[in-house]
Structure formats: C-alpha cells, structure tokens
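So the structure is just underneath, and the comments pick up after that.
A note on names: the letters A, B, ... follow the listed sequences, proteins ahead of strands, and every chain is numbered from 1. These numbers come from the heavy atoms of this one structure, side chains and all, not from hydrogens, waters or symmetry mates.
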2 protein chains.
Amino acid sequence: MVLRYLTAKLAQQIDEELMSSAGAFSIDQLMELAGLACAQTLAKVYDKEKYPKVLVCCGPGNQGGDGLVAARHLGMFGYRPTIYMPKPGSKDIYQRLKTQCDNMKIQTLPPSNETTDLADALASNDVILDAIFGFSFKGPIRAPFDNVLPMLTKSSLPIVSVDIPSGWDVEKGNIDGVGLQPDVLVSLTAPKEGVRAFTGRHFLGGRFIPKAMEEKFELNLPQYPGVDQIVELPQTQKL
Amino acid sequence: MVLRYLTAKLAQQIDEELMSSAGAFSIDQLMELAGLACAQTLAKVYDKEKYPKVLVCCGPGNQGGDGLVAARHLGMFGYRPTIYMPKPGSKDIYQRLKTQCDNMKIQTLPPSNETTDLADALASNDVILDAIFGFSFKGPIRAPFDNVLPMLTKSSLPIVSVDIPSGWDVEKGNIDGVGLQPDVLVSLTAPKEGVRAFTGRHFLGGRFIPKAMEEKFELNLPQYPGVDQIVELPQTQKL
C-alpha cells in the first residue's frame, strides 16, 4: 500500500469533491485546517526562539489563502510573521483572511513591483513560508513572480513550501530549474506527482479526507499521530 | 492580571465582533477551531485506548455545531464517536457539518423523543462530550432536554462539557441543581461567569482572539503552549 502521488487533475477533483454539496466542506474550513497544518510544520522544524521572523509569501489564489491562515496561526504561536503578497488575491475570503492578519498587527510589505522592500525583508527574516503557487499552477512564471522567485532563492534563507515548491511543474517537478529549492515541504491532502524527487523533510497536512474518499481515490494515506494536523513522511533518498 | 470571566452579554459581544466585517472571521472558521479545541481537550484527558467510544451530544445551536466539528476530529483522531442530537439544528452550516460526519460514517442516534436509544447508547459509550447548551442558553430547560440531561447524569459516564455545562445558568452556575456535573470543561475564548465554582479540569480553547481585542475586553488570557489549540487552567479548589 504505497502513498499515492496526485496528478494536477486528480488534486483538483479531490478539492472539488470535498467542497461539493456531497462533500459539504466550505473553503473556509479547508483553508483553516490547511493553513494550520502549514504553521504547525514550520513550527515543528524551525523553533521560534532561533527562527522568530517568518516571511510568509502568498500568491493570489487559494494557496495564498492558506499562507494567510498560516501567518495568523504563526502569530498566535509566538512567531513574528511578515506577509509578502506580490499580487494580492481579489476573492472575498482572501481579503477577510488578510484583515484577520491586520487585526493581529501582522506587518505586510507593500505589494509593489519594487524589489527593494523584499530585499530588505529577506535580509531581516529567519525563514520563508512559500505559499505562492499551488496545485493549479501552470508555467511559465509571469511578472512579478519571475523576479521574486530568484530573490527568494538567493537569500539562502530556509524555505518551507506549501504543496508544490513555487516554480515547479505540478507533475514534472523543477524541470525549468527556476523553481525554489525548499528545505521542507508540506503537501496538502496528498503529495503531487511533481515532488517525487524532493529530498528534504516532507510533511503531509489536510487531516480532513473521509476514509471512503481516501479509498475511492486509493490515496493510502499514512496515520497522523495523536491530535496533530501533520504527519512526517519518510525522506526520499538523494540519488 | 487575572483571567476575566464573561457575562453572557460580553460573550455575545465578542462573538459578534469576531464575525463583524471588522473582525472578518466566518462562523465556519471559528467553529472549526472551537470544535478542534473540544476534540483535543477530550483526547488530552481520555485516552482513545481506554475511552474509544464518545457520545457527542449536540444542541440545535452553534454549540451543537462545535460538537459536530469535534465529532469529526475525534473520528480523525481514531475515536469512535456517536452523535446524539435530540433536536437537530436547522442552519445550513449545521447540516453541512452533519453531512461531513455522515461522510466519515459516524453513527447518529435517531432524533426521537424516545429515550431507549439514548439509554442503549449510554450503556455502550465510554465518555460524553456535552455540546448541548452554550453561552446563549436561557432556562428553564425545555423538552426533550428536560429528559435528556438527567439520563446523562445518571449514566455516571465521564462528561466533557463545552463552554458551559448544559443546564447551568451562564452567569449563576448550577443554581437549579439540574445541570450536568462534568469532569472536564473546555471554555471557548474565555470562561463564563457561571463556571467560577467549577472544580474539575478546566481547559481554554479558541486560539483566535487578536491581542488588541484581548486588551480591549481585558481578558488577560493565559499563554497557549506550542502549537496546541488548548491551554489548561489552574483548577479551582473545592470549598
């Protein structure tokens, strides 16, 4: 019984089924649990005493929403998150999640195309949470992200990526070589085909898949420990 | 700096402010985190090996919604929850939360006024999660709950109550003597005036109050440990 890696299409299908009238989940619920799992992963690997300052990089889609939820929980856990949204999302839920962070006095970098603010932020943060692109990403990488990703890489800060490292093809991985090289990955619901070759620490989050759905899609999920929202997967050996 | 106990009115005000356009939380988010806190509390005190079967008793309001979320998470944690809703809620969110439990094949007792099913369930469960009445409860206790509460009490099963033990006045406590006598209480956001004299193990959940709001309402909340959604409060001495 081997853990299944998802195609982009299957990931999409699972997401839609969870939020269908049969699945009955709201996006608010799923994002809350996904974002909490991301925050717990970062906290598991990067202690807040040594890595208090987290730059949470959010894309404009649902992945960015997960990032905003994670930023809030990181703030609750005692980290000092800063939000960077090169291109803020327009959905209502995205804006509500952003307001929740504002209410916690979590700083946000100006969303300009000027990269000076980002450079300054990279110089003063301890770790990056990469919630830029998710399983619906299709290349090529467009502005302003074509400038942003190389800057994140050059910072040499440790990176925790959500679901798929930003810039990687969801199914083929870092084929263009322009994607981030995260130290830690948190896959949501199940890992995607593109991360098979990922050799860093790999966690799974999204503890909300009913058993029947897991069986229908033959996901073969591992057992989560205790009351945790995440489970660590065995590391892939470097070739 | 002493932890503040809330009047019913203040609890209501905090709830409304969290969900106002300024607070920006959806009820889905708050219930998800509240229900998760309830499930974590039960799991902290009642080990799933010794207490696998949990009877989750849900009222018709938001408190019942918290109970349904808790039932789902308990199922995820490996418990075997059964839902009892003497009077199912009619709100859309309540029904979606119920469907999510159905999808996990969590059993539900028939919502009849016949108490035979409840009696059978009490004989075969290990612990009760009481999510019947919350901070908006106003006595007297009406049917069918006037029959249900004494049966829960007589079962002698350990009880974990959410926010306010069912049957207690939110501000004056168990004045009529007809309320449940839980072993464990999980207060949400802040404890209510009525539970000052509660002497069992007391946890706090609802790790979503922004600092500014905590200060505005002078809540003086304790620090939550690590990534937990709950914190245990010092036990009140028995008089």
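- Within the 4.5 angstrom heavy-atom criterion, no atom of B:Tyr224 approaches chain A.
- In terms of heavy-atom pairs under 4.5 angstrom with chain B, the leader among A:Met213, A:Gln223, A:Arg207, A:Gln229 is A:Arg207.
- Residues satisfying the side-chain hydrogen bond (donor to acceptor under 3.5 Å, both in side chains) criterion with B:Glu16, sequence neighbours excluded, are B:Gln12.
- When all heavy atoms of A:Gln40 and B:Val227 are compared, the closest pair comes out as NE2-O, 3.6 Å.
- Against chain A, the residues from residues 54-77 of chain B that qualify, each with a non-hydrogen atom under 4.5 angstrom away, are B:Arg72, B:His73, B:Met76, B:Phe77 in number order.
- Of the listed residues (B:Leu33, B:Ile27, B:Leu18), the one with the most heavy-atom contacts under 4.5 Å to chain A is B:Leu33.
- Atom NZ of A:Lys48 has more than 12 heavy atoms from other residues, nucleotides or ligands within 6.0 Å.
- Of the listed residues (B:Ser26, B:Ala43, B:Gly226, B:Gly78), the one with the most heavy-atom contacts under 4.5 Å to chain A is B:Ser26.
- Looking at B:Ala39, neither its backbone nor its side chain comes within 4.5 Å of chain A, counting heavy atoms on both sides.
- Heavy-atom pairs under 4.5 Å with chain B peak, among A:Gly23, A:Ala24, A:Ala212, A:Pro225, at A:Ala24.
- In B:Gln107, the CD atom is not crowded: 12 or fewer heavy atoms of neighbouring residues, nucleotides or ligands sit closer than 6.0 Å.
- Of all residues spanning residues 91-106 of chain B, those with a heavy atom less than 4.5 Å away from chain A's heavy atoms are B:Arg96, B:Leu97, B:Thr99, B:Gln100, B:Asn103, B:Met104, B:Lys105, arranged by number.
- By the neighbour-count criterion of 12 heavy atoms within 6.0 Å, atom CZ of B:Arg201 is densely surrounded, having more than that number from other residues, nucleotides or ligands.
- Near-neighbour residues of residues 157-165 of chain A relative to chain B, defined by a heavy atom under 4.5 Å from a heavy atom of that chain, are none.
- Interface remark: A:Ile209 contributes backbone atoms only to the contact with chain B (heavy atom separation under 4.5 Å).
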